[in-house]
Amino acid sequence: QVQLVESGGGLVQPGGSLRLSCAASGASFSDYTMAWYRQAPGNQRERVAFISSDRRTNYKDSVKGRFTISRDDVENTVYLQMNSLKPEDTAAYYCNALESIVSGGGWGRGTMVTVSS
């Protein structure tokens, strides 16, 4: 059972950049589709991006061209590079495997991203 720890969040000005990391332990996720989700206050959790085991990627329309998801299966880590950040990107960000979500797996603590001047 893989365990995930998110890090890299913080306070950044509009137009700035952050790189989020998701480190896995307990099992390899090399065969999983890994995804980043976010949840803003009062909103439902939404998927931001995912990357398949063969490195095919998909993004929420509002982050296309600004965010890049990547993975390092040797280090068991998935990343989210966020550029040109906007206030509406403010949220708690979580990573997870789609296969784990489907089977009822849990969520980690997430990492908070705040975009404000």
Side-chain angles (χ1 to χ4, degrees):
Q1 186 81 20
V2 66
Q3 295 176 301
L4 305 171
V5 178
E6 301 94 340
S7 63
L11 174 64
V12 64
Q13 294 184 353
S17 298
L18 285 173
R19 190 193 194 202
L20 307 184
S21 297
C22 174
S25 62
S28 172
F29 62 52
S30 61
D31 293 332
Y32 298 163
T33 296
M34 299 300 299
W36 283 96
Y37 290 75
R38 68 186 182 189
Q39 186 169 23
N43 290 357
Q44 296 291 309
R45 197 193 313 268
E46 63 180 1
R47 189 175 67 237
V48 177
F50 69 75
I51 181 167
S52 68
S53 59
D54 63 356
R55 299 182 182 273
R56 180 172 58 86
T57 60
N58 184 272
Y59 298 90
K60 177 179 173 64
D61 285 345
S62 63
V63 309
K64 288 180 179 177
R66 301 189 297 118
F67 290 11
T68 303
I69 188 170
S70 61
R71 64 193 296 159
D72 185 333
D73 292 336
V74 174
E75 296 296 324
N76 237 20
T77 303
V78 62
Y79 303 95
L80 186 68
Q81 177 67 47
M82 305 186 295
N83 299 326
S84 302
L85 283 162
K86 304 175 179 180
E88 52 262 43
D89 296 318
T90 296
Y93 283 71
Y94 304 84
C95 68
N96 217 331
L98 296 187
E99 294 86 350
S100 178
I101 297 169
V102 169
S103 65
W107 296 81
R109 296 177 180 177
T111 185
M112 186 68 197
V113 172
T114 302
V115 184
S116 176
S117 59

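These numbers were taken from a predicted model, which means no experiment stands behind them.
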Exercise for the section: Please round to the nearest 0.5 Å and tell me the distance separating atom OG of S70 and atom CD of Q81. Expected result: 8.5 Å
Exercise for the section: For residues T68 and Y79, determine if any side-chain heavy atom of one lies less than 4.5 Å from a side-chain heavy atom of the other. Expected result: no
Problem - CD/E88: more than 12 non-hydrogen atoms of other groups inside 6.0 Å - result: yes
Handout entry: Note, Y59 side chain near I69 side chain (heavy atom, < 4.5 Å)
Key = yes
Problem - L85 side chain reached by F67 side chain, heavy atoms, under 4.5 Å - result: yes
Exercise for the section: Using the rule that two of Ile, Leu, Val, Met, Phe, Trp, Tyr join whenever any of their side-chain heavy atoms come within less than 4.5 Å, decide whether V78 and V113 are in one cluster. Expected result: yes
Handout entry: Verify same cluster id: I51, M82 (apolar side-chain graph, 4.5 Å)
Key = yes
Practice task
Ignoring hydrogens and angles, state whether a donor on the side chain of S30 or S28 is under 3.5 Å from an acceptor on the partner side chain.
Solution key: yes
Problem - Side-chain heavy-atom pair R71, R55 within 4.5 angstrom cut-off - result: yes
Practice task
May I ask you to decide if E75's main-chain N or O and T77's side chain share a donor-acceptor pair within less than 3.5 Å?
Solution key: yes
Problem - side chain to side chain contact (heavy atoms under 4.5 Å, CB included) partner of S52, the single match among L98, T57, T33 - result: T33
Exercise for the section: Look at the side chain of N76 and the backbone N and O of F29, then say whether any donor-acceptor pair between them is shorter than 3.5 Å. Expected result: yes
Problem - Axial cation check for Y94 ring with R45, 6.0 Å and 45° limits - result: yes
Exercise for the section: Find out whether Y93 and L80 are in side-chain contact, i.e. whether some heavy atom of one side chain is under 4.5 Å from a heavy atom of the other. Expected result: yes
Handout entry: Residues D89 and K86 bridged, charged N to O under 4.0 Å
Key = no
Practice task
Determine, step by step, whether T90 and M112 satisfy the side-chain contact (heavy atoms from CB on, under 4.5 Å) criterion, reporting the C-alpha distance in whole Å, the side-chain angles of both residues, the deciding distance to 0.1 Å, and the verdict.
Solution key: CA-CA 8 Å; T90 296; M112 186 68 197; 3.9 Å; yes
Handout entry: Under 3.5 Å: donor-acceptor pair, side chain of R66, backbone of S84
Key = yes
Practice task
Would you please indicate if the ring centroids of F50 and W36 are separated by under 6.0 Å?
Solution key: no
Handout entry: Non-hydrogen side-chain atoms of M34 and E99 separated by less than 4.5 Å
Key = no
With a cut-off of 3.5 Å and sequence neighbours excluded, list every side-chain donor-acceptor pair involving residues 6-22.
| residue | atom | partner | partner atom | Å |
| --- | --- | --- | --- | --- |
| E6 | OE1 | G110 | N | 3.1 |
| E6 | OE2 | C95 | N | 3.0 |
| S17 | OG | N83 | OD1 | 2.9 |

Handout entry: Q39 side chain vs E46 backbone, donor-acceptor pair below 3.5 Å
Key = no
